Amino acid sequence: MKNALGQSQTIVLLGGNSDIGVAIVRAAVTPFTRQVVLACRDTARGEAVAATLRSEQLAVAVEAFEGGEPAGHEAFVAGLAERFGNLDLVIVAYGLLGDAEVTRTDVAAAVALAQVNFTGTVGAIVAVGNQLVRQGSGSLVVLSSVAGERVRAANPVYGGTKAGIDGFCQGYGDWLAPQGVHLLLVRPGFVHSAMTQGMKAAPFATSPEKVAEVTIKGLRARRRMVWAPPILRVVFSVLRHVPGPVWRRLPLG
Amino acid sequence: MKNPRRALTGWGRSNATVSEVAEVPNHEIPAALQGVGPRGALARGLGRSYGDAAQNGGGLVVRPLGAAHQAVIDPAQGTVTVPAGVSIDDLLRVLVPRGWFVPVTPGTRFVTIGGAIASDIHGKNHHVDGSIGNHVRSLTLLMADGSQRVLGPQQQPELFWATVGGMGLTGIILEATIGLLPVETSAMSVDTTRIPDLDTLFAAMSTTDEQYRYSVAWIDLLAKGAHLGRSVLTCGDHAPLAQLHAAAPGTTVDPDAALAFGPKQLVAVPPVPIPSRLLNKLTVAAFNELWFRKAPRERKGELQGISAFFHPLDFVGSWNRLYGQAGLIQYQFVVPFGQEATMRQVIERLSAAGAASFLAVLKRLGPGNPAPLSFPREGWTLALDLPGGGAGLAELFTDLDRMVLDAGGRHYAAKDALTTPEAMRRGYPRLAEWQAVRSQADPHGMWQSDLARRLHLLDTPEQTA
């Protein structure tokens, strides 16, 4: 359960090797926290992350999880609840950037990316949502991206999946709220992380730690959506309305 | 189950969880419990516990209804038998005009009898009379299997004492018979003293407490240095009829009028958005200064009404809304006598943090009762309110928890919304004994609460080891 300061006893990260996800977990862990679950594909890497989190008061479990295979999601989440009790904070942070050169033209690659980033993620969010509704409480953080706010030619499949998740979560979060469940949609800009290694940074680039800081603040204030860095909300309220011919010429990295 | 789903919080207005809510009279409770799901059920009274004690997210919450006119007074025994859903407010309106008073009242009249027993509440008379559990002659408990048991200190005492202070986790209390205190008037005779600092307060309370049935001190936690612990000590007892005569010489006091009791709410805080920072260090410091200065240096035998003496906050409806969206955090603990240095440390830590606490209350507790989870034990108890959501609160409460537990103290579950399973185990060494009685009465885990989940109250000792 959470305490009156909004601190969580049990935290689950779907995408246990996501730099942003792990940064959010680190920021959410307090002396009140007892259990962290890192659900990921590469459990060996997950164990390495777990070793940096684990302490005398904090148990960390690493669980094998295939984000792109939603058929198992419901049972997976229910199993976590059975073993660890109330899931107080669940962070859905998995996803692939994909190689735009490939996904733009290769049908199988495009579908595979959509399978993980959209289909599998929707399945995971619904499975988690069901569990939190059964609890009558809990927080669900979903990582969207500004790439979904106005999808660009530079990476349309990735941007499209994020746009889909973002839109789904806005409606789904509103449906969850009266059932005691708080869904927070996080829209980061360019984040220096393993996913973006070697890429040229876009304006207003940020770090996983900064995204985590904004996320924790948003959780505390029970916001439905946060931007990281927050200035991007203003930037995108302009970019959203830039005429197409201008938009397509903007040097956005 | 076709009950409405509602978001519930405690009086601190933090951590809402959604559950099904059934507001039903006692005889309809078994039907309401039919088909209860895996998240179980819990009784809830008026929701005046501060934290998550009366919440059961995802499960069923039962609010037993009852009316004060169903109360049966036995003048020969000096007892009242009352449905558990009746509030002390309603009960006092029946009892006082007939010359009776409840044996224990907390700082608000808006608690139910069932909730009072489940929390084993104490009042300003704990050093003399103990907590409410000491005055329960018998109670009827609805068990998980649907049967009803009549329990008392001599009837199945183990389950009785597991239910007293048992936070609703042994079953639903349907009815209770409670010993009463005879009173001649509805007035209180009150002595008020301003106390300059903490050491003077410890000394004053230790030497004068035994002369009074009721005593409590309000402490200004924002005072620092030489003024640390400055406070207003109020002590009193029920005024005898003769004192009312003496106060109005030359007139005759009608004995019925002397027992008049009909307190009214003066004002209510409306359900409008209130900035979370309304109660801040500045406004609370100003309030505390005013409160201290308006108190007389020393006044003896002042006549006050029951509400003014016991329940001053009840004059303001929904006062918890003043804390805005972030709600408030109440923190109450006890440390044994001899740990005055710890109490000083705690107060110094709060004062140094500039924590905007108004109406912090210090009280001497008398011996505890046999209930394994009953909060009161001999020692000093401090209760304070802080606005939720402030910076540094987590560190502050972590420090306070450590000081309290290292001193052999413990936290009051009915007030708690913060602490940990480990703190509960250190503070309540008889928890495992309570768990054994509880799981025998409820082998399939029918009774659950958010508090029980947070503090791992229902775990077997093996699981937590």
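Quick caveat, the model's predicted, so the values are computed rather than measured. Order of the sequence lines fixes the chain letters, A, B, ..., with proteins taken first and strands second; residue numbering starts at 1 for each chain.
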Q) Could you state the interatomic distance from CZ (B:F397) to CG (A:L5), rounded to the nearest 0.5 Å? A) 7.0 Å
Q) Under 4.5 Å between any side-chain heavy atoms of A:N86 and B:R39, yes or no? A) yes
Q: Against chain A, label B:T419 side chain, backbone, both or neither, depending on which of its atoms sit under 4.5 Å from a heavy atom there.
A: backbone
Q.
Looking at every heavy atom in both A:F32 and B:T420, which two are closest together, and how far apart are they?
A. CD1-CG2, 3.8 Å
Q.
For A:R223, I'd like to know if atom CZ has over 12 heavy atoms of other residues, nucleotides or ligands within 6.0 Å.
A. no
Q.
What part of A:Q7 gets within 4.5 angstrom of chain B, counting heavy atoms only: side chain, backbone, both, or neither?
A. side chain
**Q.** A:E47 atom CD: more than 12 heavy-atom contacts under 6.0 Å
**A.** yes
Q.
For A:R41, I'd like to know if atom CZ has over 12 heavy atoms of other residues, nucleotides or ligands within 6.0 Å.
A. no
Q. Are there more than 12 heavy atoms of other residues, nucleotides or ligands under 6.0 Å from atom CZ of A:R220?
A. no
Q) Which heavy atom of A:K2 sits nearest a heavy atom of B:N15, and at what distance? A) O-ND2, 3.0 Å
(Q) Taking CZ in A:R26 as the centre, count heavy atoms belonging to other residues, nucleotides or ligands within less than 6.0 Å. Is the count above 12? (A) yes
Q) Atom CG of B:L455 and atom CG of A:N3: how far apart are they, to the nearest 0.5 Å? A) 10.5 Å
Q) Under a 4.5 Å heavy-atom cut-off, does chain B meet the side chain of A:Q9, its backbone, both or neither? A) side chain
Q) What part of B:Q55 gets closer than 4.5 Å to chain A, counting heavy atoms only: side chain, backbone, both or neither? A) neither
Q) Which answer fits B:I329, side chain, backbone, both or neither, if we ask what part of it has an atom under 4.5 Å from a heavy atom of chain A? A) side chain
Q) For A:R222, is it the side chain, the backbone, both, or neither that has a heavy atom closer than 4.5 Å to a heavy atom of chain B? A) neither
Q.
Which atoms of B:A394 are under 4.5 Å from chain A, going by heavy atoms: the side chain, the backbone, both sets, or neither?
A. both
Q) Hey, are the side chains of B:T398 and A:T30 touching, using non-hydrogen atoms and a 4.5 Å cut-off? A) no
Q. What is the minimum heavy-atom distance between B:T17 and A:S137, and which atoms define it?
A. CG2-CB, 3.3 Å
Q: Find the distance between CG (A:D88) and CZ (B:R453) and round it off to the nearest 0.5 Å.
A: 11.0 Å
Q.
Please classify the contact of A:R134 with chain B as side chain, backbone, both or neither, using a heavy-atom distance under 4.5 Å.
A. backbone
